[in-house]
Amino acid sequence: MEKNKEYNGVYLPYIIRWGKITGWLGVLLSFGPAIALYLFYGLLPPASAILTGFVSIAGAVGVIWFIEPISYFPIIGVPGTYMAFITGNISNLRIPCATVAQNVAGVEAGTDEGAIIATLGMAVSVLVNIVILALGVFAGTQILAALPKSVLDAFNFLLPALFGAIFVQFAVSKPKLAPIALAIGLIFSFLVMKGLVPSYVTTLISVFGTMFIGVNMSKKGII
Amino acid sequence: MDYMEIANSLPLWIAAGLAICLAIFQAILFGKKSYESGKNMGLTEHQMKSAMKSSFITSIGPSIVILSGLLSLLVTVGGPMAWMRLSYIGSVMFELMAASFGAEATGVKMGIDPMNEIAFANAVWTMILGSIGWIVFATFSADKMGKFQEKFSKGNKAVIGIISTAAILGAFAALVSPHLLKMNKNSVAAIAGGVIMLVLQLLIKKKKINWLKEWGLAIALFGGMIVAVIV
């Protein structure tokens with residue numbers, strides 16, 4: 001098993017070591033702007049204000065800090081998790097790029113080769129995204145101001161189209177499992193709309209519900 | 001001093017730039033290692049280059065979406081924070097929420113009261129503290145989740161394959177469902193994106209048009225958008 005040795009013996013340890021270094025460094029560098037405000041302008045909010053801000057944001061999104069890495073792990077694996085949670089934009093950018101890259105290279109998701117190709121794809125998407133955003137920040141106000149409002153409004157439809165397209169891309173390969181996944185998604189989104197369950201529940205239950213049903217269907221030889 | 005002058009000052013550009021450099025450094029490091037190991041594992045250069053090219057093409061559409069949300073952040077927290085927060089973990093909705101929570105903790109209602117320096121500083125603090133939760137948990141748990149998955153699947157390749165595909169189906173069913181339930185142009189865009197993808201997939205399979213694999217998602221994305229605008 002030469003391939004396996006390369007992946008588990010060389011590649012993964014390297015990724016884990018550097019993933020941890022870059023991850024913790026990322027946490028430190030996150031504080032850069034706050035430190036700069038203090039050092040250069042003497043601006044430091046009172047501790048009580050920082051704490052209040054933290055408590056309100058933690059109350060609003062704290063659960064998602066745990067839910068998202070767990071829910072997306074089966075898709076992006078170890079290297080992808082280190083990368084995606086520093087650079088963000090997971091569902092709208094990293095996963096689409098990873099899946100297209102796998103599809104083009106003809107490798108399966110979940111395999112070692114699949115993880116390598118997904119990581120390559122995600123790395124490219126990180127660089128492209130940063131460049132486009134940099135252009136946007138430096139020239140963005142002018143560019144965006146020059147675009148008519150109808151064009152800006154149209155951009156709002158890119159995301160639903162993307163979600164629909166990716167779902168179908170994989171539905172084609174698992175036509176029996178896809179309707180079940182969609183049913184779970186629709187039911188829980190409906191419950192969220194009615195205010196009966198919090199919105200993060202939808203992703204969690206859809207991912208793990210579909211996984212559970214999929215594994216059982218596969219064991220019974222249905223898919 | 002107007003808080004916007006501070007928000008767009010050189011020290012903040014440098015601080016934001018450093019954080020972004022780390023993301024670039026990590027992407028290059030991981031990318032290079034993947035390329036090297038991929039070669040050793042028997043992936044061809046053609047496979048890997050076309051994977052990278054397709055990812056490049058696919059990145060453009062979603063990046064434009066992120067860009068179009070940038071404006072609202074630019075005018076509230078300035079260029080450096082907007083640039084850093086959107087290149088780093090974060091999304092426009094989340095950052096706006098965090099910024100307004102932070103400002104409010106100093107008694108400033110964003111969008112109603114004028115922002116002052118302390119309110120801005122606290123907005124920055126809240127955006128940071130709100131976003132590192134993801135990095136901390138992901139960095140801490142990535143390798144542990146890997147071990148857990150290995151144990152759970154017992155190295156059974158078929159099970160691992162079905163887990164990934166099922167997870168994608170579940171995740172994107174959850175993401176697309178709210179748009180479908182809205183019964184508006186978003187629903188049209190989601191359905192149109194899906195239908196276009198279906199046609200493209202059939203074309204790729206039947207006619208073996210390989211460049212379509214690389215462009216498929218970009219076509220479905222913009223196609224879905226155009227259909228939603230026209231209908």
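Letters A, B, ... mirror the listed sequences (proteins, then strands); counts begin at 1. All of these numbers come straight from a predicted model, not from anything done at the bench.
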For F208(A), does the CZ atom have more than 12 heavy-atom neighbours from other residues, nucleotides or ligands under 6.0 Å away? yes

Tell me, with the steps shown, if L43(B) and V107(A) meet side-chain contact (heavy atoms from CB on, under 4.5 Å). CA-CA 9 Å; L43(B) 288 166; V107(A) 294; 3.9 Å; yes

Side chain, backbone, both or neither: which part of Q201(B) has a non-hydrogen atom closer than 4.5 Å to chain A? side chain

Go through it in stages, so that I can follow the logic: the residues are F157(A) and V188(B), the test is side-chain contact (heavy atoms from CB on, under 4.5 Å), and I'd like the CA-CA distance, side-chain angles, deciding distance and then a yes or no. CA-CA 9 Å; F157(A) 302 130; V188(B) 175; over 6 Å; no

Would F120(B) and L37(A) count as a side-chain contact (heavy atoms from CB on, under 4.5 Å) if you check the C-alpha gap in whole Å, the side-chain angles of each, and the deciding distance to 0.1 Å? CA-CA 10 Å; F120(B) 170 69; L37(A) 282 177; 3.9 Å; yes

Tell me whether the rings of Y82(A) and F30(B) are parallel (<30°), tilted (30 to 60°) or perpendicular (>60°). perpendicular

CG (N89(A)) and OG (S63(B)) are apart, to the nearest 0.5 Å, by 7.5 Å

Which value, rounded to the nearest 0.5 Å, describes the distance between T126(B) atom OG1 and L51(A) atom CG? 10.0 Å

Taking G224(B), G38(B), G79(B), A189(B) one by one, which has the highest count of heavy-atom pairs under 4.5 Å against chain A? A189(B)

CE on M84(B) to CG on L133(A), rounded to 0.5 Å: 13.5 Å

So for F73(A), is it side chain, backbone, both, or neither that comes closer than 4.5 Å to the heavy atoms of chain B? side chain

Could you tell me which portion of A60(A) (side chain, backbone, both or neither) has an atom closer than 4.5 angstrom to a non-hydrogen atom of chain B? side chain

Counting heavy-atom pairs under 4.5 Å with chain A, which one of A220(B), A15(B), S164(B) comes out on top? S164(B)

Proximity breakdown for S218(A) and chain B, heavy-atom pairs closer than 4.5 Å: side chain

Contact origin within V151(A) toward chain B - heavy atom pairs under 4.5 Å: neither

Out of L127(A), V55(A), V128(A), L120(A), which one racks up the most heavy-atom pairs below 4.5 Å with chain B? L120(A)

Side chain, backbone, both or neither: which part of I191(B) has a non-hydrogen atom closer than 4.5 Å to chain A? neither

Part of F212(A) lying under 4.5 Å from any heavy atom of chain B: neither

For the residue pair W13(B) and F138(A), is the inter-centroid distance of their aromatic rings smaller than 6.0 Å? yes

Sidechain-backbone polar pair: S59(B) side chain, N129(A) backbone, donor-acceptor under 3.5 Å: no

How long is the straight-line distance from CD1 of I66(B) back to CG of N92(A), given to the nearest 0.5 Å? 5.0 Å

For Y200(A), enumerate each residue passing the ring pair (Phe, Tyr, Trp, His ring centres under 6.0 Å) test, keeping only those at least two apart in sequence or located in another chain. none

Against chain B, work out which of L158(A), L204(A), T202(A) has the most heavy-atom pairs shorter than 4.5 Å and name it. L158(A)

In terms of heavy-atom pairs under 4.5 Å, which option from L186(A), T52(A), L182(A) contacts chain B the most? L186(A)

Any side-chain heavy atom of L44(A) within less than 4.5 Å of one from W125(B)? yes

Kindly say whether I16(A) contributes a backbone atom to a donor-acceptor pair with the side chain of D143(B) at under 3.5 angstrom? no

Max heavy-atom pair count under 4.5 Å with chain B, selected residue of D153(A), V10(A), I223(A), T210(A): T210(A)

Answer key: most heavy-atom pairs under 4.5 Å with chain B among F54(A), Y14(A), F40(A) is Y14(A)

Tell me, side chain or backbone of F25(B) under 4.5 Å from chain A's heavy atoms, or both, or neither? side chain

Heavy-atom pairs under 4.5 Å with chain A: which of V176(B), T58(B), L169(B) has the most? L169(B)

Is it true that the side chains of W18(A) and Q26(B) contain a donor and an acceptor less than 3.5 Å apart? no

Taking atom CZ of F56(B) as the centre, does the number of heavy atoms from other residues, nucleotides or ligands within less than 6.0 Å exceed 12? no

Identified side-chain contact (heavy atoms from CB on, under 4.5 Å) counterpart of Y11(A) within the set K33(B), M41(B), E36(B): K33(B)

Report the distance from atom CD1 of I86(A) to atom CD1 of I20(B), rounding to the nearest 0.5 Å. 12.5 Å

Return the minimal non-hydrogen interatomic distance between S55(B) and G121(A), and the atom names on each side. OG-O, 2.5 Å

Quick check on A109(A) against chain B: is it the side chain, the backbone, both or neither that has a heavy atom closer than 4.5 Å? both

Side-chain contact test, heavy atoms from C-beta onward, threshold under 4.5 Å: evaluate it for Y7(A) versus S37(B) and give yes or no. no

Here the gap from S30(A) atom OG to R85(B) atom CZ, rounded to the nearest 0.5 Å, amounts to 6.0 Å

Between S150(A), P45(A), A58(A), P74(A), which has the largest tally of heavy atom pairs under 4.5 Å with chain B? P45(A)

What part of M193(A) gets within 4.5 angstrom of chain B, counting heavy atoms only: side chain, backbone, both, or neither? side chain

Segment of V126(A) engaging chain B (4.5 angstrom heavy-atom cut-off): side chain

Would a distance-only check, ignoring hydrogens and angles, find a side-chain to backbone donor-acceptor pair under 3.5 Å from W65(A) to G130(B)? yes

Could you look at S173(A) and say if it's the side chain, the backbone, both or neither that has a heavy atom under 4.5 Å from chain B? side chain

For K53(B), which atoms come within 4.5 Å of any heavy atom of chain A: side chain, backbone, both, or neither? neither

Heavy-atom pair count under 4.5 Å with chain A, highest-scoring of I24(B), L18(B), L202(B), T165(B): I24(B)

Selection from T139(B), L198(B), I196(B), L217(B) maximising heavy-atom pairs under 4.5 Å formed with chain A: T139(B)

Run the side-chain hydrogen bond (donor to acceptor under 3.5 Å, both in side chains) test against T81(A) and tell me which residues pass, sequence neighbours left out. none

Under 4.5 Å, counting heavy-atom pairs only, tell me which of V124(B), I64(B), L22(B) racks up the most with chain A. L22(B)

What part of E68(A) gets within 4.5 angstrom of chain B, counting heavy atoms only: side chain, backbone, both, or neither? side chain

Is the shortest heavy-atom distance from the side chain of E117(B) to the side chain of Y41(A) under 4.5 Å? no

Pick one of side chain, backbone, both or neither for A192(B), based on which atoms fall under 4.5 Å of a heavy atom in chain A. neither

Shortest non-hydrogen contact from V136(B) toward W24(A): O-CH2, 3.9 Å

Check the pair Y35(B) / I116(A) against side-chain contact (heavy atoms from CB on, under 4.5 Å), numbers first and verdict last. CA-CA 8 Å; Y35(B) 198 85; I116(A) 298 258; over 6 Å; no

